[in-house]
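Note that these values count all heavy atoms, side chains included, but never hydrogens, waters or copies made by symmetry. A, B, ... follow the sequence lines: proteins, then strands. Residue 1 opens every chain.
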Number of protein chains: 2
Amino acid sequence: MESNEAGSMLRDAGLRVTAPRLAALEALGDHSHATVDEVYERVATGLPGTSLQAMYVVLAALTGAGLVRRIEPAGSAARYELRIGDNHHHVVCSLCGAVEDVDCVVGEAPCLMPSHTSGYLVQTAEVTFWGLCPACRALETGDDAVASVPAAAPHDQPVRS
Amino acid sequence: MESNEAGSMLRDAGLRVTAPRLAALEALGDHSHATVDEVYERVATGLPGTSLQAMYVVLAALTGAGLVRRIEPAGSAARYELRIGDNHHHVVCSLCGAVEDVDCVVGEAPCLMPSHTSGYLVQTAEVTFWGLCPACRALETGDDAVASVPAAAPHDQPVRS
DNA sequence: ACGTCTTTATGAATGATTCAAAACAACTGA
DNA sequence: TCAGTTGTTTTGAATCATTCATAAAGACGT
């Protein structure tokens, strides 16, 4: 028996092993940070008869079971990824919306302990970096037209807070 | 002439001074982290005939001009705040969605310089802390029922990355 | 193989946000 | 002060991502 990893991942998480779920996991393995729609399209090629709504349900189940992480960058649809439990953050391009992993962070990361939390019991921290992806950078410098920012999400917070 | 601060803020930003804009700024001054809908309701009381869509336009203009910051916590509608340019982050309650400011961060914040950025030109960093607000904390401990989490957004990233 | 309970398929509904065109009002110069 | 120009708001409808409801299908334990 080969490539049964995904199957046991599901079983271990208390979920039944179904074709749509296996396909979704595989799709995310190939193409991380995919939107529901992207996962659906990939799954649908090898598994006709699948519906977009099914993918919503599947991904919600996988997320709930902790097999998949859901990120939701401002101004874009939700995206899913397989890498979980390894403390990484994201860079997203403010022009095209591309997302990459960032293997954060140096040492103890004192700045991720907020100074005072207004009585909140802080459980998790989420860091998103915004900037220009290599492709969009090239465009900006190539045609040095002042490239009006095509609206992704407003950011006014300088790096290194 | 008094209380013309907002007026000159607008003018200085190259925007015309209009009643809806002044009202929106005032509403945000009273109640930060408000959704478009909340701003609209507050504005509508003193300025009947205002429409929700107008608030969308107004807030977009203010955001574009840098007078207002838009935040978009996963799982909730966009929220707006007046505090800008002062490098602060947010704690949001994963149960009720309440948002508070966090006057981050200690010193140089080395962790907000990602180790390698895959060629991205990083411009801004955004930090969101997730946890339980005082009220929801009380509920959790009060009735020690295992309080099923009412779904706000999935988080699996431990604090101090 | 059987029955039960989870999961998927299908279709419709909701909520937040945006678009388009026409009415309106703020600033400019006369 | 007045009219023109142009930026804003109004109104109504459309779009997108996501969720809900019901019934059919499938996975797993016996």
Side-chain angles (χ1 to χ4, degrees), chain A residues 4 6-25 33-41 43-44 46-65 67-68 70-80 97 150-154, chain B residues 4 6-25 34-41 43-44 46-65 67 70-80 97 150-154:
Chain A
N4 201 359
S8 35
M9 278 179 62
L10 287 169
R11 238 181 301 268
D12 292 352
L15 295 176
R16 291 191 175 170
V17 180
T18 70
R21 285 173 179 174
L22 292 173
L25 286 174
H33 308 127
T35 61
V36 179
D37 213 77
E38 288 164 351
V39 173
Y40 165 62
E41 279 178 34
V43 167
L47 200 68
T50 317
S51 68
L52 178 59
Q53 289 84 334
M55 277 306 107
Y56 273 98
V57 176
V58 164
L59 290 170
L62 296 179
T63 303
L67 298 179
V68 147
R70 171 189 172 126
I71 63 175
E72 212 168 317
S76 109
R79 291 170 177 279
Y80 296 83
Chain B
N4 202 357
S8 35
M9 280 179 62
L10 288 170
R11 239 180 299 267
D12 292 352
L15 294 176
R16 289 190 180 171
V17 180
T18 70
R21 285 174 180 173
L22 291 173
L25 287 173
T35 61
V36 178
D37 214 77
E38 289 164 351
V39 173
Y40 165 61
E41 279 178 34
V43 167
L47 201 67
T50 317
S51 69
L52 179 59
Q53 289 87 331
M55 279 305 108
Y56 273 99
V57 176
V58 163
L59 289 170
L62 296 179
T63 303
L67 298 180
R70 172 190 172 126
I71 63 175
E72 213 168 318
S76 108
R79 292 170 176 278
Y80 296 83

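- Taking atom CZ of residue B:Arg21 and atom P of nucleotide D:dT9, one finds them 4 Å apart after rounding to whole Å.
- Closest to the side chain of B:Arg16, out of D:dT18, C:dA25, C:dT17, is C:dA25.
- Rounding to the nearest 0.5 Å gives a distance of 10.5 Å between CG of B:Asp37 and CZ of B:Arg79.
- Nucleic acid contact class of A:Ala19 (heavy atoms, under 4.0 Å, all strands): none.
- Considering CG of A:Leu52 and CE of A:Met55, their distance stands at 8.5 Å, rounded to 0.5 Å.
- Looking at the side chain of A:Thr50, the nearest of the listed nucleotides C:dT7, D:dT10, C:dA9 is C:dA9.
- From B:Thr50, atom OG1 reaches atom CD of B:Glu41 across 12.0 Å, with rounding to the nearest 0.5 Å.
- As a whole-Å value, the separation of A:Tyr40 OH from C:dT8 P is 14 Å.
- When rounded to the nearest whole Å, the span between CD of A:Glu72 and C1' of D:dT19 equals 14 Å.
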Going through the checks in order, is the side-chain contact (heavy atoms from CB on, under 4.5 Å) test met by A:Leu10 and A:Leu22? CA-CA 8 Å; A:Leu10 287 169; A:Leu22 292 173; 3.8 Å; yes
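- Each of B:Asp37 and B:Val17 was assigned the nucleotide of DNA chain C with the nearest heavy atom; the assignment lying further toward the 5' end belongs to B:Asp37.
- The listed nucleotides are D:dT9, C:dT17, C:dT7; the one nearest the side chain of A:Leu15 is C:dT7.
- We find that CG of B:Leu47 is positioned 14 Å from C1' of C:dC24, with the value rounded to whole Å.
- When the C1' atom of D:dA17 is taken as reference, atom CG of A:Leu52 falls 9 Å away, rounded to whole Å.
- For the pair A:Leu22 CG and C:dT8 C1', the computed distance is 14 Å after rounding to whole Å.
- The side chain of A:Gln53 has D:dT19 as its nearest neighbour among D:dT8, D:dT19, C:dT8.
- In this structure, B:Leu59 places its CG atom 11 Å from P of C:dT18, rounding to the nearest Å.
- Residue B:Ala60 is out of contact with every strand shown, counting any heavy-atom pair closer than 4.0 Å.
- Rounded to whole angstrom, the span from the CE atom of B:Met55 across to the P atom of C:dC19 amounts to 18 Å.
- Counting only distance, with no hydrogens or angles, the side chain of B:Arg21 and the backbone of B:Arg16 share a donor-acceptor pair below 3.5 Å.
- Within the 4.0 Å cut-off from OP1 or OP2 of D:dT9, at least one side-chain nitrogen or oxygen of B:Thr18 is found.
- Comparing B:Arg11 and B:Tyr56, the nucleotide of DNA chain C nearest to each residue sits closer to the 5' end for B:Tyr56.
- You'll find that the side chain of A:Ala77 is closest to D:dA17, out of C:dT8, D:dA17, D:dT9.
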